[in-house]
Structure formats: C-alpha cells, structure tokens
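Below is one structure, written out as structure tokens, with a few remarks after it.
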Amino acid sequence: MKQRITALVTLLVLGAMVSPAFSQSLSIVCRCVAGGANANQVAWLKEYVIPEFEKAHAGVSVTLNEFGGTDDALKQQYALDLSVGKGNDVMGFDGFWIPEFASGNLLKPLNAVAGAAVDGWEGWNHISAGIQSILSYGGAIYGVANGTDVRMIFYRKDILEQAGVANADAWQPTSWADITDAAAKVLAAFPDSAPLQINAGTSVGEATTLQGYYMLLLGTGEEPFMDGKWVVRSQGILDTLNYYRDIYVDHAYGSQRVQLVKDGRDQSFANFRDGKTAMLVEGDWFYRSVTAPGSDYAVDNRDEIMGWAKMPSETPGSGIRGQDYVSASGGTGWVLNPNTANPQLAWELLAFMNSKGARDVWMTYQPGIPARDDVPVPNSAFLTDTAAALLPLTVSRPNNDYYAKVSEQIQLMTENVVSGQMTPQQAMDAYAAAVTGIVGADAPFDLHAH
Amino acid sequence: MHQRRTILPLRTGLLFLGPAALFIGAFILLPFFWIAGVSFTNRTLTGATAANPQFVGLQNYLKLFDLSTFMNPGQFGSSLVITGQFVFWSAIVGQAVLGLLLAWFFYRRSGWVKESVQTLAIVAWIIPDVVVAFAWNAFLDYDGGTLNWLFGLVGLHKVDWLLAMPLLSIVLFNAWRGAAFSMLLFSSALGSIPPSYLETADVAGAGPWQRLKDIILPLIRTHIVTDLILITLWTFNTFGPFLLTGGGPAFKTEVVSVLTYRMAFKYFDFGTGSALGMVMMLINLGFALVYLGLLRRQGSSR
Amino acid sequence: MRVVKHVLGRVAFYVVAAVFAAVFALPLLWLVFAPFGSRATLSVALPDPFTLSNFGRVFANTFAVRALFQNSIIQAVGTMILVTLLATLAAYALSRAPIRGRDVLSYGLVLFSSIVTGTAAMVPIFLLIFNLGLIDTHMGVILVFTGGLLPAAIFIMRDFVDSIPRSYEESALVAGASPWGMFRDIALPIVRPGMMVVGVWTFVNVWGGFLVPFILLRSPTKMPAAVAIYSFYTEGGTPIITLTTAYALLYTLPVLALYLFVNWKYGFRFFGGIKS
C-alpha cells in the first residue's frame with residue numbers, strides 16, 4: 001500500500017514536472033491566409049518560424065490561426081477577444097491600432113506582460129526609435145515592428161515621354177505645380193487618360209489618409225496633429241483641398257470615379273498597368289508586390305517603363321521641417337496578448353520572430369524595408385534607393401486615441417471636395433465640426449499663420 | 001358571440017411556449033436590456049471609455065439629434081431621410097406593389113409559366129446576401145453591366161448606377177430581393193377569397209381593375225397591413241445595401257442599419273450604436289401602430 | 001371576335017409573364033456564366049473558352065470546401081430543426097391557449113428581434129455566449145440564430161395554425177385526447193407545409209448569415225461558407241471574380257435544392273396569408 005502511494009506520489013510529482021513541457025502551446029494570429037492575403041507570411045511562419053521554434057523548445061507546440069477577412073474585421077475580433085481576456089498569444093497588429101487598444105487596457109506594454117526579459121532583449125539595440133514608435137503609445141512599447149514603408153510617386157516613363165514631359169526618364173517634380181503641369185501634358189496627349197491619381201475619399205480608407213492627404217499636407221508644412229492638438233482649420237488644409245479640387249474637379253487630371261467607387265484602389269492599379277494613369281502616389285509595396293511580375297497588376301517591361309519620384313512639397317522648402325520633399329510611413333508588427341498563459345514563452349517566440357536570423361529569412365519571402373539595422377536591405381536597387389532617400393524625410397502617424405476616427409473624417413473631407421459637392425472651405429468647416437465633436441474635451445485648434 | 005371552448009389549458013400552453021420563451025429571453029430580451037442600458041453610457045470597446053464607461057444620461061440621444069450637424073452626410077438626420085426614402089420606395093412601393101402585381105397576375109392561374117416566374121422571384125429572395133451583392137455589382141457595372149448593356153440595346157445612354165444614382169440602385173436592389181415575400185403572402189390572401197364574391201362581380205360586369213379596387217383590396221386589407229408591418233420592419237433593418245455600396249459614395253446610401261454598424265463596429269462606440277438601435281425600434285413601433293390604427297379606423301368606418 | 005380576344009389575352013399573358021421573368025432573372029444571369037470563364041469580366045457573355053478550372057481551384061481551398069459542405073450544413077440544419085420545432089410548439093400555444101395579449105406579444109417580439117439581430121446587439125450576444133463557454137462552437141452559433149429567428153418564425157407559423165379548423169381538436173377533446181396527443185396527431189400533420197416554409201426560411205437565413213458566425217467563431221475549421229467566401233478576396237479586399245463566383249454558385253445550390261424539393265413535395269406557400 002505504502003509503496004503504491006509512493007509510486008503514485010512519484011508519478012504525480014514527475015507528471016507535474018514533465019507535463020508543462022509537454023502541454024505548453026502557443027498560438028499566433030495574423031491577417032494571412034494560404035493562397036490569399038499575405039500568403040508569404042503564412043509560408044514564413046509555417047516553413048521557418050514554427051518548426052525552428054519548436055525544435056529549440058522541446059514540448060512546445062505553436063499553432064497559426066490564419067485570418068482571411070479584412071483588416072477591419074480582424075480588429076473587431078481582436079477587440080472582442082481581448083475584452084474578455086481571450087485571444088491568441090502573439091497577434092499581428094497594425095501600428096495605428098495601438099493607441100485605442102492600449103488606452104482601453106486591452107493591451108499592455110511588452111515589459112508589463114513578460115517582464116525583464118523584454119528590456120534585456122538584444123534586438124532593441126538594432127531597431128531605431130522611429131521604428132519602435134510605430135507600435136508604441138504613451139512612451140511604452142507594445143509590440144515589435146516588422147519593418148516600415150515609405151510613400152512616393154510612381155510614374156510611367158513611357159507615357160511622360162510620349163506626352164513631351166522633359167526628362168521623363170528621371171522625372172523629379174520640385175513642386176505641386178510641376179506635377180499638375182506634367183498631368184496637363186499627358187491629358188493633352190491622351191484625352192481619354194486619367195494621368196494623375198492621388199488617393200481621396202472614404203472607399204479606399206486609410207490609403208486616402210496616408211498616401212493621399214498626408215503626402216499633400218506634409219508639403220504645406222503641417223501635420224493633422226500638432227503640438228498635442230488636432231488641427232481643424234488651417235491654410236495647409238485649404239491648400240491641400242484646393243489641390244485635390246484642381247486635380248479632380250477643375251481639370252479632371254485624375255479620375256473622380258476611381259476615388260468614389262468601392263473597388264477604386266484596384267481600378268487605380270489597373271489604370272497604371274494599362275498606361276491610363278501615368279502618375280500614382282503609393283507606398284513601396286506598389287513596387288514590391290502590386291506590380292511585381294506574375295501579379296494581377298504586373299507592368300510589362302517594368303524596369304524600363306516604371307520609375308519613382310520623391311513627393312515634392314507645395315513649393316521648395318515649404319514642407320514639414322522645411323523639407324523640399326516629403327514621405328509618410330506606417331508599419332505593422334506583432335504584440336503579446338496580456339492574457340497569455342505563458343508570457344515568458346510567448347515573449348521568446350516574439351523575440352525569435354524578430355531575431356536577425358528569422359528576419360533574414362523573412363526577407364527571402366517578402367523583401368521590404370527591415371526594422372532591424374543588422375538585417376541587410378535585400379538586394380534590390382529599388383528598396384535600397386527608396387529607403388536611403390525617403391526614410392530621412394518621412395513622418396509617421398500620431399499615436400493618438402482618436403486617430404482612427406479623425407482619419408475617417410479626413411477621408412470624408414477629401415471625398416466632399418473630390419466629388420464636387422463641397423468647396424474646400426465648406427469641407428474644412430464640416431471637418432472642423434466633426435472633429436470637435438469627436439475629440440470633445442481635447443479641443444482642437446485653428447491654425448491661421450504658418 | 002358564443003364562448004369558444006378552450007383547446008389548450010393555459011398551463012399546457014405555457015409549457016409549449018416555454019422552450020421558445022427561454023431562447024427569446026436569453027437571446028433577445030437580455031441583449032435588448034443591455035442595449036437599453038448601454039445607450040445611456042459612453043461605453044466603447046477600445047479607448048479610455050472601454051475600461052471606465054460612465055453614465056452620460058441622454059447625451060447619446062441628444063448627440064444624434066444635434067441640430068447643428070443633424071443633416072450633414074454621415075449623420076443621423078441625413079441617414080434617417082435616406083432610410084425613409086429607401087423604405088418607402090423599395091418596401092412599400094417596390095416589394096408590396098410588385099408582390100401584389102405578381103400575386104394578382106397569376107391569381108386563379110396555374111401551370112409552368114406561373115411556377116417558373118414565381119420560382120425566379122423566390123430564388124431572388126433565398127440566395128445568400130453576399131452572392132446577391134456580387135450579382136448586382138456586376139449587373140449595375142458601368143462598363144460591362146447587364147443593365148447598361150440593355151440600355152445600349154434600346155438606344156439609351158449608359159448610366160453610372162452606383163455613383164450617379166446610388167439610392168435608386170439600392171431601392172431597385174431591395175425591391176427585387178424581397179418582392180417574393182409579399183407575393184407569397186398576397187397569393188395566399190387571394191386564395192382565401194371565396195370564389196363566389198368574384199363571380200358576383202363578373203356577373204355585374206366589373207373590369208379587372210375595378211375588381212381589384214372594389215373587391216379584392218378591401219378583402220385582403222388585413223393581409224396588406226401585416227405585409228406592410230413586416231416588410232417595413234425588415235427593410236428598416238436590412239444590411240443589404242452595405243454589401244452593394246458600403247454606404248457610399250459619400251454616405252449617400254448609408255441607411256440607419258449601416259450607420260449603426262459604423263458606430264458600433266467600426267468606431268466601437270456602443271453608447272451611440274445602442275442609442276441608434278433604441279431610436280429605430282421606437283420608429284418601427286410607431287409605424288406598426290400607424291398601420292394598425294389605419295386598419296382599425298377603416299374597419300370601423302365600414 | 002371572341003377567339004381574337006382570347007388569343008390576344010394569351011399573348012398579353014405571356015408577354016407580361018416574360019417581363020416578370022426577365023426582371024428577376026437578368027440580375028442573376030452573370031452569376032451563371034462568370035464561373036465558367038477563365039478571365040474576370042463583369043459582362044454577361046458565354047464563357048469562351050469554357051472552363052471548369054475555377055472550380056478546381058475552389059476545391060483546392062480545403063478551408064472553403066469544409067466551410068460549405070460541413071460547417072454551413074451543421075449550423076443551418078441545426079438551427080432549422082430547433083426553430084421549426086420550437087416555433088410550431090409556440091405558435092400552437094399562442095393560437096390555442098387562452099394567453100392574454102398574445103397578439104401584442106407576437107408583434108412585440110418581432111419588433112424586438114429586429115433590433116437585436118442587428119449589429120447593435122452583437123456585443124451583448126458575444127458576451128453572453130462567452131459566459132456560456134460556447135465561443136468557437138457550432139452550438140453557440142445555432143443558439144443565437146435560433147433566438148433571433150424564432151419571433152418571426154412564430155409569427156409566420158401562427159398563420160398556419162390559426163387556419164386549422166378548431167372543430168378537429170374540439171371533437172378530439174370530446175374523445176378524450178391529451179393536449180400533447182392532439183398536437184402530435186392533429187395539428188402537426190396539418191401544419192407540416194407550414195413547418196416546411198419556416199424550415200426553409202430559417203435555413204436560408206442561417207445559410208446567408210455572416211455576422212453571427214463571424215463574431216462567435218474563431219477556428220478556421222468551424223467557419224461557414226458566408227465567412228469563408230472572403231478567403232477568395234485579394235489583399236486589397238476585392239473579390240477575385242473567377243473564384244468568388246465559382247464558390248458563390250456552389251454556395252447557392254443547396255438553398256436552391258432545398259427550396260425546389262420542399263416546393264415539389266409540400267408546396268411552398270403561406271396558408272391564410274398572415275392576417276392582423
């Protein structure tokens with residue numbers, strides 16, 4: 001009897017010691033699905049990250065939950081799951097979601113979740129403060145960035161050449177007027193074309209805010225959020241809206257329709273591919289993946305006929321920080337679920353995903369601008385050149401609770417102008433009223449002189 | 001009036017009702033009280049008010065009716081006007097009239113023609129939302145859409161439906177989508193009219209229009225009211241237009257159900273979303289009472 | 001003269017019927033052709049060349065295939081059975097038992113159900129299912145759909161029950177039948193066509209429902225087709241037309257088949273036309 005009890009106790013003790021090692025499991029979720037959106041990420045996680053991590057941590061099993069819906073839909077599920085203390089251990093996150101999740105106590109800073117191990121991570125020394133800030137809020141770091149992106153004008157050398165634009169092979173406008181001059185020439189040569197597309201309107205969502213509105217507004221020396229306040233009336237906003245009006249209402253340099261219909265973004269890609277649009281303001285992924293050989297919008301003979309130019313300020317030197325050229329950046333990354341049952345292990349996985357080794361491998365799946373400075377920019381002239389030229393100029397979105405709501409008002413303001421239903425002044429007034437309603441106590445301010 | 005014999009004793013009746021009542025209590029009444037309560041708070045899912053929601057009294061309601069922005073695109077007033085037009089044209093005129101026409105046209109007829117046409121109408125009613133949305137997106141497409149192709153055949157100009165006439169587009173869509181319910185309801189209503197009534201009319205030499213107006217419509221009055229109550233309610237709450245237009249362009253097709261979605265699920269602003277839900281329920285209640293009142297007044301004046 | 005009038009009448013009948021048919025069929029025409037084309041187009045055209053390769057690619061997506069042929073079926077059939085049974089019982093009680101204010105009750109519940117099945121209620125419903133421990137289960141989805149669809153189902157079902165002549169049951173009562181026996185032996189056989197209508201209506205609603213499963217389910221292995229169809233979208237969030245239409249066609253066939261079967265077997269129609 002006694003022996004039996006001893007055996008039983010031994011078994012229990014052994015079990016208690018051994019079972020964590022066998023029962024520990026982690027889960028990852030991202031907006032990624034094999035054969036669909038962000039399929040590269042699925043491949044990288046399944047072919048490299050998970051097997052390697054499991055090899056290094058005996059008894060740990062990692063599952064990937066692929067999410068095939070839209071960004072908005074994923075955000076809804078995250079908010080619901082985190083609000084009841086559930087969800088996957090490691091979650092793919094868009095940087096600009098961080099503020100509202102953090103201020104709602106749905107996320108915690110990484111070191112509050114996994115402790116000192118986070119602060120001692122070697123990786124922080126290799127990620128610039130600017131890139132860290134993409135997943136930060138209130139001075140604390142909530143996640144590790146995958147990398148960043150930059151925005152610019154993509155143009156068709158062949159079309160500009162045929163339209164008689166000077167120096168079409170290495171075109172670089174130095175003011176907004178240069179861009180519309182080129183558009184006017186293309187329109188004169190090809191009356192059916194829509195030479196210039198700068199995103200506006202609600203249907204393309206965040207693309208309007210970041211690669212449309214921001215890219216223009218920064219060129220007037222302003223940002224939407226300055227000195228801790230949302231700017232709701234300013235000369236910069238008016239200049240930006242007037243420029244939109246010039247493009248879409250007064251001259252039809254760009255297709256109004258593309259900015260208003262539901263699948264407008266895809267139409268703008270198609271128009272660029274077909275040469276109907278000669279200048280398109282987009283992010284570096286437009287080169288990396290949208291127009292890459294084999295994709296739906298692949299541009300034939302791309303290296304010869306497609307070029308990129310820095311986005312000029314309204315006039316030379318009028319841009320933010322007195323710059324001649326501007327760019328805007330966002331980024332995605334990974335956060336830890338504060339409700340994870342295995343915070344240390346989850347952090348180890350997150351750290352491994354962002355180790356030099358794993359990021360080097362990631363670059364072979366999806367070349368881009370890396371977050372770590374010890375991961376070489378892949379051997380791509382385009383990425384090396386754009387990173388070198390634009391990273392020093394770039395600006396990222398404010399880490400502010402109200403960003404998502406204000407951003408939607410920005411999209412609406414541009415839509416009101418581009419659709420011709422409001423003058424720039426009326427649209428700005430409506431924007432001011434709406435933003436004041438949103439931010440309430442944090443009263444926005446009017447900026448008259450600059 | 002003679003006392004009708006009770007077939008089910010009250011206790012047994014409640015027993016039969018029990019399981020359904022349990023479900024309705026849990027999945028309809030509980031959420032309803034949650035919504036009613038949250039509509040008086042500033043509760044959100046993310047942001048500072050997620051962790052510490054506060055009681056704000058009628059503020060959410062007052063914000064909806066803030067007259068300085070009431071009629072701006074994307075605001076409640078503008079959305080309400082759009083919803084009103086959408087319900088009137090697509091449900092009351094579109095579905096009910098189209099349904100009545102279909103029912104009346106095939107009344108006292110049978111055969112493969114009736115079967116095929118009615119089946120087509122029912123197919124439009126039963127296939128899934130997202131599939132219908134695909135089909136209509138293509139149907140209304142500017143360049144290759146079937147509707148513009150037809151317009152071209154008869155020498156009309158192409159119309160950019162979803163951009164130039166977004167409200168008309170969702171009205172046509174919803175009328176098409178839901179006509180089958182009214183058709184089914186009116187078909188059986190017509191079927192319940194004793195044939196002798198119409199034979200009398202035939203003898204009196206009444207034309208088809210007169211027969212419809214003077215005999216049929218008064219006889220199916222109560223069915224019309226039921227139909228109107230249900231389709232008004234359903235159309236007020238349908239999310240269908242979102243799949244076709246996403247509420248745009250520039251909020252021109254943002255009916256209240258889509259506005260509620262934007263508030264509750266895009267902004268995670270449950271206070272406003274719940275207040276919207278409550279207001280819409282009151283409006284629906286108002287409609288139901290008006291319809292029933294009309295019925296009663298007509299009934300007593302006869 | 002009479003012959004001419006008769007012929008004209010027939011011609012007019014066919015013309016009007018053809019117009020009706022066209023109105024309902026034209027918007028769906030594209031959906032019938034597009035899945036068989038190799039190139040994405042929004043125009044109606046006979047596919048040239050005709051291909052089945054889109055279906056091949058759809059069937060290669062195991063997630064979407066399981067969603068359609070397993071998860072959607074489980075959720076729709078489960079809800080259909082529950083709603084039909086409970087609605088029939090409840091409608092019978094509302095029709096035959098002396099329950100005060102039953103008409104107001106029927107209307108009131110339909111009214112409530114319409115706001116609660118809207119988006120405003122998705123959070124309380126999520127919280128409820130979470131507290132029941134049923135997040136990420138088929139059961140959670142079935143229960144929520146059942147609750148949401150019951151009021152309208154009862155409303156429709158009452159019409160069928162009200163149209164059964166009371167004399168059947170009155171004579172059964174005299175013969176000493178129990179309430180349950182009366183329900184089972186007299187009411188049920190008569191209202192079977194009504195149960196079929198409510199069943200089809202329920203099935204259709206669950207089959208097309210996106211929001212409820214989306215909110216309550218997490219595992220890709222449990223998602224129904226209404227959610228899975230979005231795996232045929234591009235990164236930018238627009239459908240890959242050749243694949244989505246192929247999937248949409250497969251997704252539509254079961255509801256179509258169910259309707260045709262019920263209509264052929266029982267007739268798909270209301271009884272008295274739902275009176276107020």
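Remember, predicted model here, so these are calculated numbers, not experimental data. Naming convention: chains lettered A, B, ... in sequence-line order (proteins, then strands); numbering from 1 in each chain. All values below come from the heavy atoms of this structure, side chains included, with hydrogens, waters and symmetry mates left out.
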Legend entry - Residues B:Asp129 and B:Arg177 bridged, charged N to O under 4.0 Å: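 A salt bridge is present here (some side-chain N lies under 4.0 Å from a carboxylate O).
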
Inset, instruction - Go through A:Glu408, A:Gln411, A:Lys405 and name the one with the most non-hydrogen pairs under 4.5 angstrom from chain B. - result: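 Option with the top pair count is A:Glu408.
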
Inset, instruction - For chain B, find which of A:Pro99, A:Gly437, A:Ser103, A:Gly201 contributes the most heavy-atom pairs closer than 4.5 angstrom. - result: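 If we count pairs closer than 4.5 Å to chain B, A:Ser103 comes out on top.
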
Legend entry - Ring centre gap for B:Trp161 and B:Phe151 strictly below 6.0 Å: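 Yes, close enough.
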
Inset, instruction - Taking the six-membered ring for Trp and the single ring otherwise, decide whether the centroids of A:Tyr142 and A:Phe101 are under 6.0 Å apart. - result: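 A:Tyr142 vs A:Phe101: aromatic centres not under 6.0 Å.
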
Legend entry - Residue from A:Asp81, A:Leu74, A:Val335, A:Leu336 passing side chain to side chain contact (heavy atoms under 4.5 Å, CB included) with A:Met91: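 Filter result, single survivor: A:Val335.
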
Between [X] and chain A, which part of the residue has a heavy atom less than 4.5 Å away: side chain, backbone, both or neither?
X: B:Tyr267; answer: both
X: B:Asp269; answer: side chain
X: B:Asn52; answer: neither
X: B:Thr49; answer: neither
X: B:Leu163; answer: side chain

Legend entry - Option passing ring-ring contact (aromatic ring centres under 6.0 Å, His included) with A:Phe93 (candidates A:Tyr78, A:Tyr137, A:Trp334):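 Exactly one candidate clears the test, A:Tyr78.
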
Which bit of [X] is near chain B, if near means a heavy-atom gap under 4.5 Å: side chain, backbone, both or neither?
X: A:Leu260; answer: both
X: A:Ala79; answer: both
X: A:Ser419; answer: neither
X: A:Leu80; answer: both
X: A:Gln259; answer: neither

Inset, instruction - Look only at the side chain of B:Asn60 and the backbone of B:Ser274, and say whether a donor-acceptor pair between them is shorter than 3.5 Å. - result: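 Here the side-chain-to-backbone pair does not exist.
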
Inset, instruction - Just say parallel, tilted or perpendicular for the rings of B:Phe40 and B:Tyr61, cut-offs at 30° and 60°. - result: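 Taking B:Tyr61 first and then B:Phe40, their aromatic rings sit tilted (interplane angle of 30° to 60°).
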
Inset, instruction - Mind running side chain to side chain donor-acceptor pair (under 3.5 Å) on A:Glu415 and A:Thr202 for me, showing each step along the way? - result: CA-CA 7 Å; A:Glu415 178 158 314; A:Thr202 51; 2.8 Å; yes

